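Structure first, commentary second.
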Protein chains: 2
Amino acid sequence: MPDTAIDPDFGFTSDELDPEKCPVRQVLAQVGGKWTVLILELLQHGPRRFNALGRAIPDISKRMLTQTLRDLERDGLVSREVFPTKPPSVQYALTPLGVDLMKAMGGLLDWAWTNFDKVKTARDVYDATP
Amino acid sequence: MPDTAIDPDFGFTSDELDPEKCPVRQVLAQVGGKWTVLILELLQHGPRRFNALGRAIPDISKRMLTQTLRDLERDGLVSREVFPTKPPSVQYALTPLGVDLMKAMGGLLDWAWTNFDKVKTARDVYDATP
DNA sequence: CTGAATCCCAAATGATACTG
DNA sequence: CAGTATCATTTGGGATTCAG
């Protein structure tokens with residue numbers, strides 16, 4: 001008998017919510033990073049170099065810029081190309097998979113721009129009620 | 001003169017990336033939480049009680065379930081209704097704003113289910129190359 | 001210019017016990 | 001049942017320094 005019990009309150013198998021197996025949890029763990037989407041958005045404008053990205057994001061450290069780009073490269077969302085100039089330059093760009101992801105994120109991003117004021121208002125109301 | 005300088009590499013004003021003012025960063029800080037989207041997805045099935053949500057998510061603690069629900073309520077995405085039965089029962093449900101957010105997230109969620117295997121493959125390839 | 005390595009702090013999360 | 005309170009732990013991220 002399978003160990004994928006079905007939750008009585010929902011229709012889900014436990015497998016579908018398993019942190020290791022649930023694609024939503026895995027993808028969101030990446031995309032939910034503090035800098036991930038910001039960098040992906042910038043790269044939608046075309047390939048950019050390391051420091052150009054750094055300058056565009058005022059409050060990111062080199063450490064996190066490097067690390068986030070590495071993670072994105074590892075996931076196949078961003079490509080990294082080194083030009084052996086002197087000094088060296090490195091260009092980052094969205095891969096087709098990355099472009100596709102950003103297309104899929106369009107709805108969420110639009111929602112954020114058009115509805116965040118409602119969220120802000122809700123917060124103010126909530127915080128105002130003792 | 002305004003302090004909203006324009007980045008030379010992109011067309012953005014610094015205001016648009018200001019962590020406090022950028023809706024995308026604000027919304028993602030919430031949605032990117034470890035449990036947020038999971039709970040919102042469950043509530044798409046209809047209103048549910050505290051422990052039903054807890055049972056459906058195998059590895060969440062009561063502490064984080066409470067906190068995430070509070071944050072969602074504060075943001076106007078989830079409603080909370082207390083029934084003074086004995087013992088008490090509390091029902092959580094998506095608000096219209098929450099329903100709307102989940103609609104906007106549809107593209108991303110679909111992408112996760114259909115493309116995560118590609119991400120996994122990319123990871124394996126990346127990790128295999130020394 | 002593009003990182004890697006290290007140290008360190010703050011925040012997020014988990015574990016457990018207690019309560020109306 | 002639906003939390004709260006407290007403590008312990010893990011993780012994310014910043015600052016700094018060094019290197020090809």
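Order of the sequence lines sets the chain letters (A, B, ...), proteins ahead of strands, with each chain counted from 1. Note that the coordinates shown come from a computational prediction; the quantities given were computed from them, not determined experimentally.
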Tell me, please, the opening and closing nucleotides of DNA chain D, 5' to 3', among those with an atom under 4.0 angstrom from a non-hydrogen atom of chain A.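 Contact boundaries, 5' end first: dG13(D) to dG20(D).
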Open item on the list: Run the side chain to side chain contact (heavy atoms under 4.5 Å, CB included) test against Pro47(A) and tell me which residues pass, sequence neighbours left out.
Closed with: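 Result, side chain to side chain contact (heavy atoms under 4.5 Å, CB included) vs Pro47(A): Gln91(A), Ala93(A).
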Q.
My understanding is that only residues two or more places apart in sequence, or in another chain, count here; which of them pass side chain to side chain contact (heavy atoms under 4.5 Å, CB included) with Lys120(B)?
A.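 Testing Lys120(B) for side chain to side chain contact (heavy atoms under 4.5 Å, CB included), a comparison that skips the adjacent residues, returns Phe116(B).
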#### Entry: Members of residues 74-83 of chain A that approach DNA chain C, where some heavy atom sits under 4.0 Å away
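Of all residues in residues 74-83 of chain A, the ones placing a heavy atom under 4.0 Å from DNA chain C are Arg80(A).
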Extract from the structure each pairing of a protein N or O with an N or O of nucleotides 11-15 of chain C at less than 3.5 Å, listing the distance.
| residue | atom | partner | partner atom | Å |
| --- | --- | --- | --- | --- |
| dT13(C) | O4 | Arg63(B) | NH2 | 3.4 |
| dG14(C) | OP1 | Lys34(B) | NZ | 3.1 |
| dG14(C) | OP2 | Trp35(B) | NE1 | 3.4 |
| dG14(C) | O6 | Arg63(B) | NE | 2.9 |

Hey, could you give me each pair passing side-chain hydrogen bond (donor to acceptor under 3.5 Å, both in side chains) that has a residue in residues 99-112 of chain A? Not counting sequence neighbours.
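Pairs touching residues 99-112 of chain A that pass the test: Asp100(A)-Trp111(B), Trp111(A)-Asp100(B).
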(Q) Under the side-chain hydrogen bond (donor to acceptor under 3.5 Å, both in side chains) definition, can you give me all pairs with a residue in residues 76-90 of chain B, not counting sequence neighbours? (A)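 Counting only pairs at least two positions apart or across chains, the side-chain hydrogen bond (donor to acceptor under 3.5 Å, both in side chains) contacts touching residues 76-90 of chain B are Arg80(B)-Tyr92(B).
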Item checked: Selection residues 24-49 of chain B - residue pairs positive for ring pair (Phe, Tyr, Trp, His ring centres under 6.0 Å), sequence neighbours left out ->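 Listed once each, the pairs are Phe10(A)-His45(B), Phe12(A)-His45(B).
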Axis-to-axis angle between the two ends of the helix from dC1(C)-dG20(D) to dG20(C)-dC1(D) (five base pairs per end, rounded to 10 degrees)
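Overall, the helix from dC1(C)-dG20(D) to dG20(C)-dC1(D) bends by 50° from one end axis to the other.
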pair [X]-[Y]: side-chain heavy atoms closer than 4.5 Å:
X	Y	answer
Asp9(A)	Arg49(B)	no
Leu108(A)	Val24(B)	no
Met102(A)	Leu43(A)	no

I'd like to know if the side chain of Thr66(A) reaches the main chain of Lys62(A), judged simply by a donor and an acceptor atom lying under 3.5 Å from each other, with no hydrogens or angles considered.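 At least one qualifying donor-acceptor pair exists.
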- Do the side chain of Thr121(A) and the main chain of Asp117(A) share a donor and acceptor less than 3.5 angstrom apart?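 Present.
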Sequence neighbours left out, cut at 3.5 Å: what donor-acceptor pairs do the side chains of residues 123-130 of chain B make with other protein atoms?
| residue | atom | partner | partner atom | Å |
| --- | --- | --- | --- | --- |
| Arg123(B) | NE | Asp75(A) | OD1 | 2.6 |
| Arg123(B) | NH2 | Asp75(A) | OD2 | 3.2 |
| Asp127(B) | OD1 | Arg74(A) | NH1 | 2.9 |
| Asp127(B) | OD2 | Arg74(A) | NH1 | 2.5 |
| Thr129(B) | OG1 | Tyr126(B) | O | 3.1 |

OP1 or OP2 of dC1(C) versus the side-chain N and O atoms of Tyr92(A): is any pair under 4.0 Å?
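False: Tyr92(A) side-chain N/O out of range (4.0 Å or more) of dC1(C) OP1/OP2.
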- Task: Figure out the CD/C1' separation between Gln91(A) and dG3(C), and round it to whole Å.
- Result: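 The distance from CD of Gln91(A) to C1' of dG3(C) comes to 17 Å, rounded to the nearest Å.
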Residues forming a salt bridge (charged side-chain N to carboxylate O under 4.0 Å, His left out) with Asp71(A), sequence neighbours excluded
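Partners of Asp71(A) by the salt bridge (charged side-chain N to carboxylate O under 4.0 Å, His left out) criterion come out as none, since no residue qualifies.
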**Asked** Quick one: ring-ring contact (aromatic ring centres under 6.0 Å, His included) partners of Phe50(A), sequence neighbours excluded?
**Response**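 Testing Phe50(A) for ring-ring contact (aromatic ring centres under 6.0 Å, His included), a comparison that skips the adjacent residues, returns none.
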